[in-house]
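Numbers restart at 1 for each chain; the letters A, B, ... are given by sequence-line order, proteins then strands. Excluded from the calculations below are hydrogen atoms, water molecules and symmetry mates; all remaining heavy atoms, backbone and side chain alike, are included. Computed from a predicted structure; not experimentally measured.
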There are 2 protein chains.
Amino acid sequence: MDKLPFAMPDFAPGWVWLVGAGPGDPGLLSLLALHALRAADVVVYDALVDKRILELARRGAVLEYAGKRGGKPSASQPDISRRLVQHAKAGLRVLRLKGGDPFVFGRGGEEALALVAEGVPFRIVPGITAGIGGLGYAGIPVTHRDTNHAVTFVTGHGIAGEVPDGLDWPALARGAPVLVFYMAIKHLETISRRLIAAGRPADDPVAIVSRAATDDQRVLETTLGACAAEAARHAIEPPAVVAIGAVVRLRAGLDWIGALAGRVLDADPLGAHGRRDTG
Amino acid sequence: MDKLPFAMPDFAPGWVWLVGAGPGDPGLLSLLALHALRAADVVVYDALVDKRILELARRGAVLEYAGKRGGKPSASQPDISRRLVQHAKAGLRVLRLKGGDPFVFGRGGEEALALVAEGVPFRIVPGITAGIGGLGYAGIPVTHRDTNHAVTFVTGHGIAGEVPDGLDWPALARGAPVLVFYMAIKHLETISRRLIAAGRPADDPVAIVSRAATDDQRVLETTLGACAAEAARHAIEPPAVVAIGAVVRLRAGLDWIGALAGRVLDADPLGAHGRRDTG
């Protein structure tokens with residue numbers, strides 16, 4: 001880091017940096033995130049942040065767990081925001097470290113607005129979101145020229161842990177050929193049923209990637225009609241991202257982690273008939 | 001980098017690493033990308049990669065420009081893939097460096113499949129995509145609890161530079177409350193007209209963020225009905241991302257770069273009546 005040809009911004013006392021830690025692999029951490037870890041006085045971190053990332057914090061930094069468990073209502077959100085404000089007002093350099101990106105289903109906006117309300121200065125450091133980078137580690141591109149010009153990211157959890165209401169399922173089903181659900185394991189049965197009712201084919205390819213971009217990554221390839229039962233049968237647990245659509249078939253050609261372990265990749269995973277140039 | 005408590009994978013001769021460089025700010029580069037830059041023999045890079053990032057390449061590395069200009073058909077894509085194969089077969093460590101993420105409208109899948117066809121081993125290193133990180137630098141979260149449980153990313157360019165056909169505009173318009181368009185400047189008039197015809201309100205908030213996450217970042221706040229004329233009037237040029245939906249209004253509270261320059265942020269940017277808990 002010492003020899004970088006550009007300056008990193010100063011992490012001043014009394015500031016909060018809201019930082020995305022990426023999907024798992026500590027190698028996907030940004031230079032700014034590493035800089036923040038090496039400067040912070042206190043690190044308030046989420047459940048999804050890898051232990052090896054926390055080990056990058058400077059010696060003497062206080063590590064505070066602010067985890068929220070998947071499926072439970074996040075009763076502690078105001079507490080977390082309050083804690084950030086308190087630390088900042090005590091003159092500490094406060095690193096709020098979140099899995100993925102703070103602005104993708106990460107409630108980073110809420111936390112930042114709580115800081116604004118209290119006059120606490122802050123900086124946003126984006127991270128790689130699991131729905132893109134985690135799927136990339138499974139060999140699944142969220143877009144591909146032959147399959148889709150659009151992709152929709154959806155959370156499978158509403159505020160109280162329920163399937164979000166207000167989603168326009170028929171439009172969601174047809175609006176983009178590829179759908180990526182976050183936090184969808186608990187409600188996979190409801191989600192897949194609604195999508196099929198809204199017109200998605202039951203044989204639409206599905207990949208469930210759990211603990212994406214970690215050494216424990218598991219990928220379950222299935223179909224929309226079978227995914228809920230298959231996830232249960234294989235005891236898939238959160239955290240997981242669920243990809244739905246033709247891009248899932250590209251994994252046969254792009255599973256580079258599998259190839260590291262000897263998998264022979266298929267250079268034509270969509271096949272001659274699999275190609276469509278659709279929206 | 002020397003003191004990292006985890007090992008970086010070896011960048012072996014004859015391999016191609018397909019790496020996302022992020023939206024602009026070199027601080028958003030990943031540790032893996034930096035590692036690759038310091039090891040690569042040849043770096044084949046796109047137009048959107050910041051010069052300061054290329055300066056991280058090890059001394060002696062060959063830097064090859066593979067830029068494609070926005071709006072033109074990508075006639076050179078097979079050439080780029082061929083070049084990657086040639087370099088790898090010559091025993092070089094080949095870094096293919098792309099702006100943003102290689103799998104988000106980046107044609108990384110195509111390039112990787114060309115490598116598979118020739119038996120060239122490869123690794124994917126995701127990056128932060130402009131539609132998330134670039135908007136984050138404009139103080140716009142792509143999701144926010146009070147505004148949306150879904151966001152759709154769309155490219156404004158088809159294969160030949162036209163507005164992509166096959167998009168289901170009515171479903172796109174209603175499928176997610178927030179839409180993020182890449183490469184949309186050229187066709188902004190068509191895109192906005194179709195979305196309004198499909199039911200999006202003409203006063204839907206729009207932000208056009210050009211040169212996101214660079215020192216030259218510009219943000220134009222407008223509406224769906226006015227955005228094409230406004231973009232022309234302000235001579236907005238690619239590269240730019242376009243955000244459509246209520247999250248744009250959060251910028252009044254979350255424009256942290258503006259705040260660095262003295263902007264007073266609004267802790268309640270949606271206002272009491274602006275809040276909706278919709279899909």
Rounded to the nearest 0.5 Å, what's the gap from CG on A/Asp255 to CD1 on B/Ile124? Could you check? 10.5 Å
So, taking the atom named CZ in B/Arg145 and the one named CD in A/Glu110, what distance separates them when rounded to the nearest 0.5 Å? 5.0 Å
With a 4.5 Å cut-off on heavy-atom pairs, point out which of B/Ala213, B/Pro9, B/Ala171 contacts chain A the most. B/Ala171
Is it the side chain or the backbone of A/Asp266 that comes within 4.5 Å of chain B heavy atoms, both, or neither? backbone
Any pair with a residue in residues 241-266 of chain A that passes ring pair (Phe, Tyr, Trp, His ring centres under 6.0 Å), sequence neighbours left out, goes on the list, sorted by first then second residue, please. A/Tyr137-A/Trp256
Locate the shortest heavy-atom distance separating B/Ala150 from A/Thr152; write the atom from each residue and the value. CB-CG2, 4.2 Å
Side chains of A/Val142 and B/Val104: closer than 4.5 Å at any heavy-atom pair? yes
Which answer fits A/Leu260, side chain, backbone, both or neither, if we ask what part of it has an atom under 4.5 Å from a heavy atom of chain B? side chain
Which portion of A/Pro269 sits near chain B, non-hydrogen atoms under 4.5 angstrom: side chain
With a 4.5 angstrom heavy-atom cut-off, is it the side chain or the backbone of A/Leu250 that approaches chain B, or both, or neither? side chain
Pairwise distance CZ(B/Arg123) to CD1(A/Ile257) - rounded to 0.5 angstrom: 7.0 Å
Residue among A/Leu172, A/Val247, A/Leu265, A/Val151 with most heavy-atom pairs under 4.5 Å to chain B: A/Val151
Any side-chain heavy-atom pair from A/His144 and B/Leu113 closer than 4.5 angstrom? yes
Rounded to the nearest 0.5 angstrom, the CG-CG distance for A/Leu28 and B/Leu31 is 8.5 Å
Interface check, chain B: of A/Gly133, A/Pro5, A/Ala33, A/Ala173, most non-hydrogen pairs under 4.5 Å belong to A/Pro5
Mind checking the CG-CZ spacing from A/Leu254 to B/Phe122? Nearest 0.5 Å is all I need. 5.5 Å
Please classify the contact of A/Ala259 with chain B as side chain, backbone, both or neither, using a heavy-atom distance under 4.5 Å. neither
If I take atom CD1 from residue A/Ile53 and atom CG from residue B/Leu4, how far apart are they, to the nearest 0.5 angstrom? 11.0 Å
Do any N or O atoms from the side chain of B/Thr143 and from the backbone of A/Phe105 form a donor-acceptor pair under 3.5 angstrom? yes
Partner of A/Thr129 by side chain to side chain contact (heavy atoms under 4.5 Å, CB included), out of B/Ile128, B/Asp101, B/Thr129, B/Ile132: B/Ile132
Tell me, for A/Phe6 versus chain B, whether the close heavy atoms (under 4.5 Å) come from the side chain, the backbone, both or neither. side chain
Nearest non-hydrogen partners of A/His149 and B/Leu167, listed with the distance: CB-CD2, 4.3 Å
Considering only heavy atoms from C-beta outward, does the side chain of A/Leu29 approach that of B/Ser30 to under 4.5 Å? no
What residue in B/Gly139, B/Gly127, B/Gly119 has the most heavy-atom pairs under 4.5 Å with chain A? B/Gly127
As an exercise: rank A/Asp25, A/Leu135, A/Val264, A/Val154 by heavy-atom pairs under 4.5 Å with chain B and give me the winner. A/Val154
